[in-house]
Amino acid sequence: MKRARVIPVLLLKGKGLYKTVKFRDERYVGDPINAVKIFNEKQCDELIFLDINASKYNTPINFRFIKDITSECFMPLAYGGGIDELDQIEKLLKIGIEKVVLNTVLFKNPLFLEKAAKQFGNSTIVASIDIRMNLFKQYQIYSHSNCEVKDISLSTFIKHAEEGGAGELMINSVDRDGMRSGYDLQLADKISRGLTIPTIFCGGCRDLSDIRNLLTTTETSAAAAGSIFVFKGPHKGVLISYPSPEEIEEIYN
Amino acid sequence: MISVIDYGIGNLGSIVNMLKKIGVGSKLISTPEEVGEAEKIILPGVGSFDNAVGLLSKLDLVAAIKDKANLGTPLLGICLGMQLLGTESEEGKLAGLNLIPGKIKRFPSLPGLKIPHMGWNSVKSEDQVLFKNMGDNRFYFVHTYYYAPESYDHSAGITSYGIAFTSYIKKDNIFGVQFHPEKSHNFGMQVLLNFSRVS
């Protein structure tokens, strides 16, 4: 029986794990390798690691560190952050990364997506888009690495990503990031229905029933979240957690 | 000792890591001579069919792998590696290894069916070789094309995704799995452990 995925998204800065609110106010939450060991023990579906500063500050990808992470992992790992050259992707795949997440490069070099998909296979490439709402309640594409809103139609952009060969599309809701206010189901529904490729939605996850709503009322293929997997309680104490197989079963019943 | 073919593509790091975790020795190989000496072979693969066939040909590995398999050496193809065991693919123009005759086809366009098939799914199998000691299972799949064997005698496991397709093929000493055991936690470990015990 096929079931949709529940994916923790972990933000890397240097060698530390961080969590943000609305893509700001970075808070240190611990050692990534430790977190990976715990998620691995809990037989987590998949993990996404995003280096939040790589594109912004042009820092090189720390392959050795990523290899330490992958050696602890027996589930799929996706990595994103500063990828803009084909040989970086080749290196990442060789050290055990399953998929690469492309974001900034989609604007900086629009032809890169197609080249990467052709060389490494569509299913290796995830196109990631950050979305923000403006004062007029319209959805806009936002590039966090240079803090600017892009004047591109959202539906055109996601179609281009699919046609360009992305095997999967990841949407990050900037406004709901870290807020635990609930997924933007309307946005998730609109985007997932318009595409044939699987979609991953991230931003605002409140709890497991929120995940259930996302996965059962929209065509989203994977529910991604940060806060619910790294914090516990109203005071946001750091605790790495993941739903048990029974809790995940509950989502579909 | 399991020899994992390194021909430029595939999740080698993860395969070697998982084999290490279950206490099975492995090494990476890439020449016809090394294929000739191998006790057991894993053929990984990710990406496009023609690209993979091209890379294997460039390294002169096609005949070496076929000869070794025909001599009875256990061979396990993973994901694209499984598809390479077939005759031909709708994805490409080049010929596969044809070790287990079959055609590789694209998933049909069905309403709501997202392609590629990406995520966790189960395999229904009565097999007692790679699936020995396997109860309820789930494995990680990521593929756009699936294997349609010429003979259902070679279909050892079925998975449902829009359609029912063969996710595990077997012919004597030759095995192929569409899923990624190296990304499937303890379920994958059981498959690799069972493969290491094939004689």
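Basis for what follows: all heavy atoms, side chains included, without hydrogens, waters or symmetry-related copies. Naming: A, B, ... by sequence-line order, numbering from 1 per chain.
In summary, the side chains of Gln119(A) and Asn51(B) do not present any donor paired with an acceptor at a separation below 3.5 Å, with no hydrogens or angles considered. There is no side-chain donor-acceptor pair under 3.5 Å between Glu98(A) and Tyr140(B).
Proximity to chain B involves both the backbone and the side chain of Ile197(A), based on heavy atoms less than 4.5 angstrom apart. Interface remark: Phe187(B) contributes side-chain atoms only to the contact with chain A (heavy atom separation under 4.5 Å). Looking at Thr124(A), the atoms closer than 4.5 Å to chain B (heavy atoms on both sides) all sit in the side chain, from C-beta outward. Proximity to chain B (any heavy atom under 4.5 Å) is shown, for Lys67(A), by neither the backbone nor the side chain. For a residue to count as touching a neighbouring chain, one of its non-hydrogen atoms must lie under 4.5 Å from one of that chain's; by this rule Leu80(B) does not touch chain A. For Thr196(A), the parts sitting under 4.5 Å from any heavy atom of chain B are the backbone and the side chain alike.
Distance check, rounded to the nearest 0.5 Å: SG of Cys73(A) to CD of Glu182(B) gives 12.0 Å. Rounding to the nearest 0.5 Å places CG of Leu169(A) at 10.5 Å from NZ of Lys114(B). The CG atom of Asn122(A) lies 9.5 Å from the OG atom of Ser48(B); values are rounded to the nearest 0.5 Å.
Most heavy-atom pairs under 4.5 Å with chain B, from the set Glu72(A), Lys94(A), Glu168(A), Glu90(A): that is Glu168(A). When each of Leu113(B), Val16(B), Ile115(B) is scored by its heavy-atom pairs under 4.5 Å with chain A, the top score falls to Ile115(B). No other option in His180(B), Arg138(B), Met189(B) has as many heavy-atom pairs under 4.5 Å with chain A as Arg138(B). Contact count versus chain B (heavy atoms, under 4.5 Å) is highest, among Met75(A), Arg5(A), Gln43(A), for Gln43(A). Highest contact tally toward chain B, considering only Ser71(A), Gly121(A), Pro76(A), is held by Pro76(A) [criterion: heavy-atom pairs under 4.5 Å].
Between Asn186(B) and Phe74(A), every side-chain heavy-atom pair lies at or beyond the 4.5 Å cut-off. Counting heavy atoms from C-beta on, the side chains of Ser123(A) and His143(B) never come closer than 4.5 Å. Within the 4.5 Å cutoff, the side chain of Asn40(A) has heavy atoms near those of the His185(B) side chain. At least one side-chain heavy atom of Asp45(A) sits under 4.5 Å from a side-chain heavy atom of Trp120(B).
Counted within 6.0 Å of NZ on Lys159(A), heavy atoms from surrounding residues, nucleotides or ligands total more than 12; the atom is thus considered enclosed.
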